[in-house]
Amino acid sequence: MIEWTDQQIQAFQTTLLTWYDQEKRDLPWRRDHDPYHVWVSEIMLQQTQVQTVMPYYNRFMAQFPTVADLATAPEAKLMKAWEGLGYYSRARNLQRAARQIVDEYGGEWPQTAAGLQKLAGIGPYTAGAIASIAFNEPVPAVDGNAFRVFARLLKIDDDIAKPQTRQVFEQVISRVISQERPGDFNQAIMDLGSSYMTAKNPDSEHSPVKAFNQAYLDGVELDYPVKTKKPRPVEVAYYGLAIQQGDRTLMVKRPSDGLLANFWTYPLIAKADVVALSDADPADVSDEAALALVPQWVKANYGLTVTVTPIGGRPVTHTFTHRKWVVTLLTATVAADADLSFFPGKWLDSVEISTMAFPKVQDKLFKRMIKEKPMYRG
DNA sequence: CAAGCGTGGTA
DNA sequence: TTACCAAGCTT
């Protein structure tokens, strides 16, 4: 890691901010510095690309114009607005924080990074971003861009996958940040990281801060930032039960914590659980034998008598950060007066379904059913 | 602290 | 297809 002199820091700030003044992106949340606008955009932008966020942000502001509107919004409407954006706890925390602001802070925003971080869903990065952009506090906002940009500029070789490394960068940036224009400084770093100093195909030759980019100057730009790799997603096989009677579909609500918390899906049965019903070694149970055990599992766990039929085509796959689901879709039938008292779900009609939020994987399952069995279109 | 938590884009 | 990345936070 190299260090800059005060003079170099001054030159860097001037170069960066001059470039930013000329080339900054025109984004919906940059029309003003309203903390509500900055906040909502920053939450949406967590682990999510600008292009993806834009339509969500615009719709969100139309539906929930103020923090008070968000605080009192029905959860179903909130989730529908967030549908497809992922990391759904962000939306729930957003509303929690809105209620904190209204109920505990009398509608007044904490105006420092330390104060902001007490709000649900606001961590060190987001607190720094809001504090610097909306309240002009000279604090760093260390996101993936800041990690990458400063790792290259100064050849910082700490592993950015390790939580403790954040402190190293916060300390460095605290010294380098513009005291006069901290919000613009932080946003300029992000713009730089998403234009010239990208992860894969950087174009530092044309970067405004080329002369400050020590990793580039030394020809080792792609060695930075140092980041340990994550393991690949674990594959999990499920049977998905499409059970429909006329206009209604039998669905289950997922637990209130964990993956896709509180969302409704088709009943999803882990293939491993079904195979476990067999006396044979799990590795020796054929696909056909496993399929034949599904009704037994359903009877034992849901108290329902079903007959199942596999649909055509490949399984539906969906990859999360740490899991890959492989869902074999089965159509199933149950008696019209089936007793659902042991079933962890209920019938949903097409009107309900059309107003509810569903995760992408269920969306894929709906689409596959319509494709394979057009009469299932609700 | 390490692991869990979604989705879409790109090479 | 796989691998990795994209304005992270919570437990």
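Note that this is a predicted model, so its numbers are computed, not measured. Below, read A as the first sequence line, B as the second, and so on, with proteins coming before strands; counting in each chain starts at 1.
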When the distance from [atom1] of [X] to [atom2] of [N] is rounded to whole Å, what number comes out?
X         : N      : atom1 : atom2 : value
Asn201(A) : dA6(C) : CG    : P     : 11 Å
His318(A) : dC5(B) : NE2   : P     : 13 Å
His322(A) : dA3(C) : NE2   : P     : 17 Å
Leu222(A) : dC5(C) : CG    : C1'   : 14 Å
Glu83(A)  : dG6(B) : CD    : P     : 14 Å
Leu94(A)  : dG6(B) : CG    : C1'   : 16 Å
Gln362(A) : dG6(B) : CD    : C1'   : 15 Å
Leu45(A)  : dC9(C) : CG    : C1'   : 15 Å

Side chain of [X] only, please: which of [options] is the nearest?
X         : options                 : result
Lys229(A) : dG4(B), dC1(B), dC4(C)  : dC4(C)
Thr321(A) : dC1(B), dT7(B), dA7(C)  : dT7(B)
Arg232(A) : dT10(C), dT2(C), dG8(C) : dT2(C)
Arg323(A) : dG4(B), dT10(B), dA7(C) : dG4(B)
Tyr87(A)  : dT7(B), dA7(C), dG8(C)  : dG8(C)

Could you tell me whether [X] contacts a base, only the sugar-phosphate backbone, or nothing, with contacts defined as non-hydrogen atoms closer than 4.0 Å?
X         : value
Ile43(A)  : nothing
Gln164(A) : sugar-phosphate
Gly258(A) : sugar-phosphate
Lys200(A) : base
Trp325(A) : nothing
Leu27(A)  : base
Ala261(A) : nothing
Ala199(A) : sugar-phosphate

Residue whose nearest DNA chain C nucleotide is more 5′ - Val50(A) or Lys324(A): Lys324(A)
Pairwise 5' ranking along DNA chain C for Pro233(A) and Ser194(A), keeping only the more 5' one: Pro233(A)
Within 6.0 angstrom of Tyr105(A) OH, more than 12 heavy atoms from elsewhere: yes
Crowding at CD, Gln245(A) (>12 non-hydrogen neighbours, <6.0 Å): yes
Taking only side-chain N and O atoms of [X], does any of them lie within less than 4.0 angstrom of OP1 or OP2 on [N]?
X         : N      : answer
Gln46(A)  : dA7(C) : no
Lys230(A) : dA3(B) : no
Arg90(A)  : dG8(C) : no
Gln49(A)  : dT7(B) : no
Thr126(A) : dC9(C) : yes
Tyr88(A)  : dT7(B) : yes
Arg148(A) : dA6(C) : yes

Spacing of the [atom1] atoms in [M] and [N] (rounded, Å):
N      : M      : atom1 : result
dG8(B) : dC9(C) : P     : 22 Å
dA7(C) : dC5(B) : P     : 23 Å
dG6(B) : dC4(C) : C1'   : 15 Å

Pairwise 5' ranking along DNA chain B for Phe263(A) and Gln51(A), keeping only the more 5' one: Phe263(A)
5'-most by nearest nucleotide on DNA chain B - Tyr56(A) or Lys162(A): Lys162(A)
Qualifying residue, where the test is side-chain hydrogen bond (donor to acceptor under 3.5 Å, both in side chains) with Tyr216(A) and the options are Glu205(A), Lys155(A), Lys210(A), Glu221(A): Glu205(A)
Side chain to side chain contact (heavy atoms under 4.5 Å, CB included) partner of Trp19(A), chosen from Val209(A), Asp191(A), Thr14(A): Asp191(A)
Note: [X]-[Y] ion pair, threshold 4.0 Å (strictly below):
X         : Y        : value
Arg175(A) : Asp6(A)  : yes
Asp184(A) : Arg30(A) : no
Glu75(A)  : Arg92(A) : yes

Aromatic ring proximity, centroids under 6.0 angstrom, Tyr20(A) and Phe185(A): no
Presence of donor-acceptor pair under 3.5 Å, side chain of Thr48(A) and base of dG8(B): no
